[in-house]
Amino acid sequence: MHPLILFASGRGSNVQAVIDYFSKEQKAFVALIVCNNPEAGVLEIASRHQIPVQLIDRKSFKEEAFVEVLKQYKPSLLVLAGFLWKVPESVVASFSGKIINIHPALLPKYGGKGMYGMHVHNAVVAANEKESGITIHFVNEHYDEGATIVQAQCKLLPEDSPEHLAEKIHKLEHYFFPRTIEFLLKEINIDID
Ligand SMILES: Nc1nc2c(c(=O)[nH]1)N[C@@H](CN(C=O)c1ccc(C(=O)N[C@@H](CCC(=O)O)C(=O)O)cc1)CN2
Ligand SMILES: NCC(=O)N[C@@H]1O[C@H](COP(=O)([O-])[O-])[C@@H](O)[C@H]1O
């Protein structure tokens with residue numbers, strides 16, 4: 001089974017979707033959850049499923065030691081699921097081609113610094129867009145500029161609030177993210193080197 005390391009800063013509904021999917025599919029498992037927010041809801045999910053947590057903070061964070069911790073798990077993929085830090089270049093380089101992220105918009109629009117969570121949905125609704133969606137992409141050293149793996153769209157109605165759009169986006173995310181992970185593990189035959 002492929003070990004996954006998930007990174008999250010918030011509620012963790014995508015982490016839960018990945019846990020649920022692979023509890024049935026048995027091809028992968030969440031070996032570690034990395035979080036930078038001691039109040040994050042994802043920590044309750046980790047506790048409920050007895051998944052180890054690496055809680056990080058900017059004051060004590062040491063890139064080299066962090067990379068060594070991650071390597072111990074021999075992860076097949078590092079999966080960013082609502083993680084709000086920029087992953088350092090040293091981590092990107094150490095796991096080249098093995099880090100993916102889910103973004104709640106159709107990149108390249110509505111991406112980059114400051115574009116996370118409700119900020120994205122507020123901007124999309126304010127721009128009167130007729131559609132939105134999700135982008136699952138490989139991670140490089142810049143925000144949201146890695147190669148796109150999958151995009152999925154949803155219609156945006158004039159009466160849709162940012163909160164309603166967020167609900168539509170989460171439905172897409174919870175369906176496509178686990179299946180995209182499974183696809184990557186199967187098709188690209190990502191293995192532990
Ligand atoms: N090296 C990379 N790291 C991360 C990527 C990436 O593509 N490359 N994606 C982000 C996730 N993300 C969008 O998908 C994203 C997350 C956060 C931000 C942002 O502006 N963050 C703020 C800090 C917010 C906070 O700490 O509360 C900031 O940098 O000022 C933009 C995009 C995950 N990491
Ligand atoms: N730019 C990064 C970003 O905005 N990521 C978004 O954070 C949310 C986390 O929700 P969750 O904690 O319920 O999975 C998700 O919608 C994800 O796309």
Side-chain angles (χ1 to χ4, degrees), residues 4-21 30 33-46 48-49 51 53 55-59 61 63 66-67 70 77-125 132-154 156 162-181:
L4 305 175
I5 297 179
L6 271 76
F7 292 63
S9 303
R11 192 162 66 102
S13 72
N14 276 283
V15 169
Q16 186 66 66
V18 171
I19 291 168
D20 293 346
Y21 186 84
V30 179
I33 291 174
V34 175
C35 183
N36 64 299
N37 172 9
E39 310 299 317
V42 72
L43 299 177
E44 280 155 41
I45 295 173
R48 200 161 52 243
H49 293 276
I51 297 169
V53 170
L55 205 48
I56 57 177
D57 71 79
R58 294 199 193 278
K59 281 203 197 78
F61 186 71
E63 288 183 30
F66 182 61
V67 167
L70 299 181
L77 279 175
L78 273 57
V79 178
L80 312 185
F83 186 61
L84 299 186
W85 281 17
K86 182 177 279 188
V87 174
E89 281 187 52
S90 59
V91 179
V92 174
S94 301
F95 296 94
S96 176
K98 287 189 175 184
I99 312 178
I100 65 172
N101 178 58
I102 190 161
H103 183 73
L106 296 170
L107 292 173
K109 294 177 78 174
Y110 305 106
K113 189 175 174 68
M115 278 294 154
Y116 57 93
M118 287 307 298
H119 297 297
V120 176
H121 308 310
N122 291 335
V124 168
V125 169
S132 189
I134 63 170
T135 303
I136 300 170
H137 63 92
F138 286 107
V139 165
N140 65 19
E141 65 276 21
H142 306 294
Y143 275 144
D144 307 328
E145 293 183 14
T148 296
I149 304 165
V150 170
Q151 286 192 312
Q153 298 168 344
C154 62
L156 196 52
E163 290 70 23
H164 192 198
L165 172 57
E167 282 172 29
K168 291 183 176 181
I169 293 294
H170 268 113
K171 285 199 178 95
L172 289 177
E173 293 179 329
H174 299 164
Y175 180 85
F176 283 99
F177 208 16
R179 289 162 178 82
T180 302
I181 291 167

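Counting convention: from 1, in listed order, for ligands and their atoms alike.
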Looking at ligand 2, would Ala8 count as a contact under a 4.0 Å heavy-atom criterion? no

Could you walk me through whether Val34 and Leu70 pass the side chain to side chain contact (heavy atoms under 4.5 Å, CB included) test, one step at a time? CA-CA 9 Å; Val34 175; Leu70 299 181; 4.1 Å; yes

Considering only heavy atoms of Met115, which atoms of ligand 2 have at least one such atom less than 4.0 Å away? 1 (N)

Of all residues at least two apart in sequence or in a different chain, which pass the ring-ring contact (aromatic ring centres under 6.0 Å, His included) check with Tyr175? none

Can you pull out every ring-ring contact (aromatic ring centres under 6.0 Å, His included) where at least one residue sits in residues 94-114? Sequence neighbours excluded, please. none

Is the closest heavy-atom distance from Ile102 to ligand 2 below 4.0 Å? yes

Regarding ligand 2, does Glu173 bring an N or O atom to under 3.5 Å of one of the ligand's N or O atoms? yes

In terms of relative ring orientation, are His119 and Tyr116 parallel, tilted or perpendicular, with 30° and 60° separating the classes? perpendicular

Under 6.0 Å between ring centres, would you say that holds for Trp85 and Phe7? no

Within the protein, flag every N or O under 3.5 Å from an N or O of ligand 1, and note the pair and distance.
from	atom 1	to	atom 2	distance (Å)
ligand 1	1 (N)	Val87	O	3.1
ligand 1	1 (N)	Asn140	O	2.8
ligand 1	3 (N)	Val87	N	2.9
ligand 1	7 (O)	His142	O	3.2
ligand 1	7 (O)	Asp144	N	2.8
ligand 1	8 (N)	Asn140	O	3.1
ligand 1	8 (N)	His142	O	2.9
ligand 1	14 (O)	Asn101	ND2	2.8
ligand 1	14 (O)	His103	ND1	3.0
ligand 1	14 (O)	Asp144	OD1	3.0
ligand 1	20 (O)	Gly114	N	2.6
ligand 1	21 (N)	Leu84	O	3.3
ligand 1	21 (N)	Tyr143	OH	3.3
ligand 1	29 (O)	Lys113	NZ	3.4
ligand 1	29 (O)	Tyr143	OH	2.7
ligand 1	30 (O)	Lys113	NZ	2.8
ligand 1	34 (N)	Trp85	O	2.7

Ignoring hydrogens and geometry beyond distance, is a side-chain donor-acceptor pair present between His49 and Gln16 at under 3.5 Å? yes

Sorted by first residue and then second, give each side chain to side chain donor-acceptor pair (under 3.5 Å) pair with at least one member in residues 35-46; sequence neighbours left out. Ser9-Asn36

